[in-house]
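Keep in mind that what you see is a predicted model, and the values were worked out from it rather than measured.
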Amino acid sequence: MSLSIDFSKSMVLKKMEISKDKSRKALNTLLEGTGEGNDFLGWINWPKEYDKDEFDRIKKAAKEIKDHSDVLVVIGIGGSYLGAKAVQYALSPYFTTNDVEIIYAGHQMSSSYLKELMDYLEDKDFSVNIISKSGTTTEPAIAFRFLKQMLEDRYGKEESKKRIYATTDRGKGALKGLADEMNYESFVIPDNIGGRFSVLTAVGLLPLAAAGVDIDALMEGAALGVKKYKNLDFDDNIAMQYALYRNILYKEGKTIEILANYEPKLKYFSEWWKQLFGESEGKDGEGLFPVSVNFTTDLHSMGQMIQEGKRNILETVLRIKNPKHDLIIEEDPKNLDGLNYIAGKSLDYVNKMAAKGVAQAHFDGDVPVVEITMDELDERHIGELMYFFEISVGISGYILEVNPFNQPGVEKYKSNMFRLLGKPGYEQK
């Protein structure tokens, strides 16, 4: 069980060898905690040093949710929901629900979405997991106000307390105060782990456990990542290699990184990856712009741009070696669709040949392509893959000479929104 990476179409192998000390220095800065943002490095050893007592409480709470609820509504935005949704979607069946149906709210302010969600919940038993460090972030706070009232109207104040789970700060903030006052079951967002790195804390683990994900295996995979990707030997650490590769190409004018997959279950993993890299690197006028595509679907919409558009793109492909299911294409006597030339082959084989052909075409079109392969799409591999990208972005940020652990630009839109809404303290100046 492991990840592998193929740089054969990267275009910069010789330059990587010459510049590998940059990557080693950046990783060393990360591990020693001497760089900017070093008060947010709790995620580095978390997969081995997480709170085992809270972990047990998470599994107990998940069982309670399964016993009394058809639906768990997870309220959060950004890192407070994307990691959980990425893992849950990757590991869930396409057309049946999990042990408990997981629905996400508070990640936008669509009045139609929230009203239709409340209508959907009318004939269902449900619980709420509100995730917020402060409890005052606008989007989740609004959703929680509506759903909390709905719970209290249906079950009464006392019973509703048993259906609200708060994941928040250990000792301060509006949500922590409310959780203590109302005696909600509460879990901790560690002070030294930022939102986009928090999926392996209670932030992601409670909804995932409720959905039936094996969170023990998820943590085991991440712990393997700790063992592999803290290694300062450049030749034996693919996270260092990946971080350096993308920075070399960035300096050469490749300003957009596309994350591509050939398995739709990875759609929301790509969304998590976009936040991780975009929020970590996009500052001080720097950073690769992260985008994602889902192949082969998007080959029929974005393929032309990737193949022949502006040559400022690099492509990272996520591959799954062994699919969970496969189908054999049977021969048709009439062959009206002209597919008999692939009769006897599996659908996964055809998908992989499409991926191989696309990679060669893009490489021939001056798009560097790197392939990251996991043997299976399961908890252990997802856990390792998440840790791989987390430590890669830390290394990459330090190579880029930005603080990969803050997000000052996120506050700019909030000030304007609060002023327009008339929030006290944000009056027009």
Side-chain angles (χ1 to χ4, degrees), residues 2-13 15-16 23 86 90 196 225 229 237-282 287-299 302-303 305-307 309 311-321 351-352 354-375 377 381-382 384-397 399-400 404:
S2 190
L3 304 180
S4 60
I5 195 163
D6 181 0
F7 286 104
S8 61
K9 294 181 176 63
S10 69
M11 302 182 180
V12 293
L13 281 172
K15 293 178 181 178
M16 287 171 63
S23 193
R196 57 188 177 274
Y229 306 129
N237 187 337
I238 62 173
M240 291 172 67
Q241 296 167 19
Y242 171 66
L244 181 62
Y245 142 81
R246 56 197 303 281
N247 273 274
I248 290 173
L249 287 169
Y250 173 65
K251 295 300 183 183
E252 295 183 353
K254 303 293 188 181
T255 57
I256 296 173
E257 181 174 11
I258 295 175
L259 186 70
N261 68 74
Y262 286 80
E263 171 52 64
K265 285 181 183 289
L266 292 172
K267 173 182 177 180
Y268 286 102
F269 187 92
S270 297
E271 296 299 311
W272 172 82
W273 173 87
K274 284 194 291 189
Q275 184 196 2
L276 180 68
F277 279 80
E279 204 167 65
S280 296
E281 293 190 326
L288 278 154
F289 190 86
V291 297
S292 62
V293 289
N294 304 293
F295 289 159
T296 59
T297 303
D298 289 339
L299 288 172
M302 294 297 292
M305 172 61 75
I306 297 169
Q307 187 67 46
R311 300 296 77 193
N312 61 344
I313 295 169
L314 63 97
E315 185 177 337
T316 300
V317 181
L318 295 181
R319 297 180 66 250
I320 301 167
K321 184 177 180 180
N351 197 29
K352 284 183 168 59
K356 187 174 181 180
V358 169
Q360 187 62 54
H362 289 178
F363 179 67
D364 292 343
D366 195 30
V367 175
V369 180
V370 160
E371 296 180 335
I372 299 171
T373 300
M374 48 184 158
D375 290 342
L377 184 55
H381 283 87
I382 286 286
E384 183 185 345
L385 186 63
M386 286 185 140
Y387 191 83
F388 165 83
F389 279 125
E390 287 177 347
I391 203 159
S392 293
V393 81
I395 298 167
S396 185
I399 294 173
L400 197 59

Stepwise side chain to side chain contact (heavy atoms under 4.5 Å, CB included) check, L288 with F277:
CA-CA 8 Å; L288 278 154; F277 279 80; over 6 Å; no
One pair to check against side chain to side chain contact (heavy atoms under 4.5 Å, CB included): I238 and Y229. What are the steps and the verdict?
CA-CA 7 Å; I238 62 173; Y229 306 129; 3.6 Å; yes
Under the criterion side chain to side chain contact (heavy atoms under 4.5 Å, CB included), I'd like the reasoning laid out for R319 against K352: C-alpha separation, chi angles, the key distance, then a yes or no.
CA-CA 9 Å; R319 297 180 66 250; K352 284 183 168 59; 4.0 Å; yes
I would like to know whether D6 and V317 meet side chain to side chain contact (heavy atoms under 4.5 Å, CB included); could you show each step before the answer?
CA-CA 10 Å; D6 181 0; V317 181; over 6 Å; no
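When all heavy atoms of K274 and V291 are compared, the pair lying nearest together is CD-CA, 3.8 Å. Here the closest heavy-atom approach between residue M305 and residue I313 is recorded as O-CD1, 4.4 Å. Across every non-hydrogen atom of G365 and R311, the tightest pair is O-NH1, 2.5 Å. The shortest non-hydrogen separation linking P290 to W273 is CB-CZ3, 3.5 Å. Here the shortest heavy-atom pairing between V367 and I306 reads CG2-O, 3.5 Å. Looking at every heavy atom in both residues, S23 comes nearest to M240 through OG-O, 2.8 Å.
For F289, the CZ atom sits in a loose shell: 12 or fewer heavy atoms of surrounding residues, nucleotides or ligands are nearer than 6.0 Å. The neighbour count for K15 NZ, taken as heavy atoms of other residues, nucleotides or ligands under 6.0 Å away, does not exceed 12.
Residue T297 holds its OG1 atom at 13.0 Å from CE of M302, rounded to the nearest 0.5 Å. How far CD1 of I395 is from CG of N247: 10.5 Å, rounded to the nearest 0.5 Å. Once rounded to the nearest 0.5 Å, the distance linking CG of L314 with OG of S10 reads 10.5 Å. Note that CG of L318 and CG of L259 are 4.5 Å apart. Values are rounded to the nearest 0.5 Å. Rounding to the nearest 0.5 angstrom, the gap separating the OG atom in S292 from the CH2 atom in W272 is 13.0 Å. Rounding to the nearest 0.5 Å places CE of M11 at 13.5 Å from CD1 of I248.
In terms of modelled atom types and a separation under 3.5 Å, the side chain of Y250 and the main chain of G287 share a donor-acceptor contact. For S396 (side chain) and S392 (main-chain N/O), no donor-acceptor pair under 3.5 Å exists by modelled atom type.
Between the side chains of D364 and Q360, at least one donor-acceptor pair of N or O atoms lies under 3.5 Å.
Of the options T316, N294, D298, a side-chain hydrogen bond (donor to acceptor under 3.5 Å, both in side chains) to N261 is made by N294 and by none of the others. Applying side-chain hydrogen bond (donor to acceptor under 3.5 Å, both in side chains) to R196 and the options Q275, E390, E279 leaves one that passes, E279.
Scored by the side chain to side chain donor-acceptor pair (under 3.5 Å) test, Y262 finds no partners at all (sequence neighbours excluded).
Residues Y268 and E271 form a side-chain contact, since some pair of their non-hydrogen atoms from C-beta on lies under 4.5 Å apart. Side-chain contact between I372 and F389 is present, with at least one heavy-atom pair separated by less than 4.5 Å.
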